[in-house]
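Read the structure below first, then the notes.
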Amino acid sequence: MSSQPIYALRRAEVFDSLETAPEGLTQTEAAARLELYGRNALAEPPQPPAWKKWLRAVSHPAALLLWGMGALTLLGGKPSLAVVIWGVVLINGTFSFAREYWAGRSISRLKDLLPQHARVLRDGQDRMIPTEELAPGDVLSLAEGDRVPADARVVEEFGLRINQAALTGESLPVHKSAEASLRADLAEIERSNLIFAGTSVLNGTCRAVVFNTGMLTEFGRIANLTQAVREAPSGLQQEMTRLSRVLTIIALGIGAIVLLAAQTDVGLPFQEALLLAAGIVIAVIPEGLHPTLTITLAVGAQRLAQHGVWVKRFSTLETLGNTSVVCTDKSGTLTQNQMTVRKLWVARRVFTVSGVGYAPEGKIRPEKFEPTQPSDTHADLQSFLTAGVLCNNARLCSPSANETRWTSLGDQTEVALLTLGLKGGLVDVQGVYPRIHELPFDAQRKRMSTIHRCDGQEVAFVKGAPKEVLQLCSHILINNQVAALTPALREEILQKNDSFSRQSMRVLALARRMLPVGERPYLTEKIERELVFLGLAAMMDPPRPEVAAAMEAFRSAGIRVIIITGDYGLTAESLARRVGMIHEETPRIITGVELDEMSEADLQATFAHEVIFARMAPDHKLRVVAALQAQGETVAVIGDGVNDVPALRKADIGVAMGQTGTDVAREAADVVLTGDNFALLTQAIQEGRAVYDNLRKFITYIFASNVPELLPFLLTAVFHLPFALTVLQILVIDLGTDLFPALALGMEKPEPDILTRQPRKGGMTLIDRSLLIRSIGWLGVCEALLCYFGLGWVFGGGANSFLGDNIFTHFIRSGLPAEGGAPLAASLFLGGVVFAQIGNAFACRSERGHLRWLGLFSNPILLGAVAIEGLLIVAMIQLPPLARELGLAPLPLALWGWLILYAPILYGVERTRKNIFRWLRQKGIVK
Ligand code: ATP
């Protein structure tokens, strides 16, 4: 081993120093080193201790208020009540702590679902291995869009530019080279021949030898700092926090007024007035709001993960629910990214290629028999195929003992050209024409070039988008002769390009140039000019089978889908038509060049019609997304390449494919479709919408019970009626019986029609007028009326015939309950609220629909929760010690029968209202 630092060594010494070879490590050696150095993974960042998290859960503002209320009741001479209030804060806090903990764990488990792979040489063979299995000495192959998986020394590169922002914060790309770096005054990170884990390849390709893995990498060393970055609270979380704050202030306000009124107007003693005010404050604060938000989001994310949608942050779900436009690229997203060359245009003749997939089984045949000299066409074809195989970074692997099929590594466009070469009978062209340089592909140029040596001469092969390549050509190869490229020939080529594209095929052009001696350094402008045109290859990339149905789903959900592709307009249009995205006769196709000329207003105007954005460079994609956002749209962008990254970041929701996508796209995205299934995005949007729905259901449910809880207090305060629920009894409802059904409502499945509703522009408001009117003004008032009616009916004597003559009726006959009757009245009222809430829970399962439509058993957790709710209230009223503690008294059986009726009554009343409103909506009287 050399004692010099790795960056100061020359190429050959690098291998020696790391005891490896240009062919990479052997499998056995790699396994031994993995054992020695450990897996190439970062250790989990230290978490704040659990007790700190728990402390936070029991000390948020609403909890602090309850702590204060407890203290007040203690001062008011009710120590047992104080203990109960504090107990409730602790239980509630512990509950929300457990939820958060569980949610956090499920997110970190989800990360494991996403495979990260690295391309390495092992035993001289190109292989994809899990990133974790990299060991020092492994020889990496990296290309555009790859994330650097470990710290490595570059030994070969072509146009390599690295984005080191993750380590240095500097977003400008840095050139890297394979030369030794000998300057003394540079930090490792500044060395031009070292690349580091966590950074990514912006352009170019390279081979590099791993020298540090896992926690020994530069990234590992600063990982703790990077991972400590806290996620900003989402819109929904902010709204919830605001809501809790507003409610707490309202509660305190009402409490203060009641305290004042009770003391001055009604003349209650201070202690009693204080307890009354405390009760009101507690009744108004919705204690379960935070745990429900977390659980709703966690359940949604979990459900999506089961289907292969990985949501990086819970908050993403809510934005998904608001999505109104989806911008998608084409290759690999709408299509399968399994390219097969179907047609060729070489030397003015069309050839058909048979066979599908990677296997080189198939023939290249001229489309029509023409009596030309076959040998010459053969030579043209061979030149064309050779260019396709040489100007290529992919690998095609023949079947082996482990893998019975042909497999591939690298860009699918290039793999298709390798298969084509084999079908055309080419063998070992790379050996005959060794590569000496590469001008890598970039989405801006839309082409790439490689330079090779043959028979002492240097030749450049160029491959890329037809129009872009054609404009650099001055000649064409026909009958093995280089001829001038006349305008007529150019026109013929462009027409052929369009005709292939109209059949949804991706078309690439190939060209070459014999380089004069002394062309170095190989600069794009010097190499890519005066080319000899060799021909066109048209490849089929079939649409993903699920795309057409997904388009239909998007349309009925009112979500617009727009293609923004780097590919040619006609190819995109033809595909868009096939999958049912485009219906207008002549959709507008805007190219990158046209977009550059357009004003912002013109661009905005194009969205009024069906439009396709083609030949887009990364900054164009960004501009389109920004223009849509300026119109108030919530934009989701789906992309898989480096060229999509800026748009993915700019989007409200960035979506990447888990398997075909590049590492950087996955990193930039908020959502990863692990199964590469495009249709899953509709499912994700559905879940996102369900999160809002469920929170609204939950809030409607808990707000409603505040009315019968509060009304007795207000009546007592204003009219000095002797009857009111005690503070303890209110807590029984808010934090005891109500909590389980409320949480269960947070787990409701998306409603069947959720994807036929229109997205709400500018996002949804969680609590709006209609929610407040329905919950407080209607459901709550119905509950209160029902409870008061029951109370009046029983105590007014109306229930005598129904109850028979027993002690209770005897007591009832003596008029309104005074001293001894209060516990019985409280039981009747409290039981009434709880059973009305059971009916309410079912009514809240949908804002507009009925149970039959949702299915009674589709949320079994709610059924369980309602059963617990019923059992709890029965136990609290019927078990004498419990009842005594809570200020309640057991009820006769017949009255239980009466109370149970409250559930169907409340549900029925709400159902009738829904029916009336549906009718009014149908008639267009209300919206
Ligand atoms: P999308 O943006 O929908 O994924 P795309 O893959 O065609 O489409 P880019 O990757 O930006 O988008 O490619 C733009 C164009 O560059 C392609 O249409 C093709 O003509 C050309 N091209 C793509 N890959 C290569 C390659 N490996 N070598 C040469 N040219 C390429």
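Hydrogens, waters and symmetry mates play no part in the numbers below; they use all other heavy atoms, side chains included. Remember, it's 1-based here, ligands and their atoms both numbered in the order they're listed.
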Is [X] touching ligand 1 with its side chain, its backbone, both, or neither, if touching means heavy atoms under 4.0 Å apart?
{"X": "K621", "answer": "side chain"}
{"X": "M616", "answer": "neither"}
{"X": "T333", "answer": "neither"}

- May I ask you to check if K526 and Y522 form a cation-pi contact, with NZ or CZ under 6.0 angstrom from the six-membered ring centre and within 45° of the axis?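 K526 over Y522 ring: no.
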
- Of the protein's non-hydrogen atoms, which lies at the shortest distance from atom 1 (P) of ligand 1, and what is that distance? T565 OG1, 3.4 Å

- Message: Tell me the protein heavy atom at minimum distance from atom 14 (C) of ligand 1, and give that distance in Å.
- Response: G566 O, 3.4 Å

- Message: Regarding ligand 1, does K330 bring an N or O atom to under 3.5 Å of one of the ligand's N or O atoms?
- Response: yes

- Query: Do any N/O atoms on D411 end up under 3.5 angstrom from N/O atoms on ligand 1?
  - Reply: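 It does: an N or O of D411 is found under 3.5 Å from an N or O of ligand 1.
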
- Query: Going by the angle between their ring planes, with limits at 30° and 60°, are F678 and F554 parallel, tilted or perpendicular?
  - Reply: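 If you compare the ring of F678 with that of F554, the planes turn out perpendicular.
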
- Query: Going by the order shown, which atoms of ligand 1 are within less than 4.0 Å of some heavy atom of D329?
  - Reply: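 Listed by number with element, the hits are 1 (P), 2 (O), 3 (O), 4 (O).
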
Would you call [X] and [Y] a salt bridge, using N to O less than 4.0 angstrom?
{"X": "E367", "Y": "R349", "result": "no"}
{"X": "E528", "Y": "R447", "result": "yes"}
{"X": "R623", "Y": "E600", "result": "yes"}

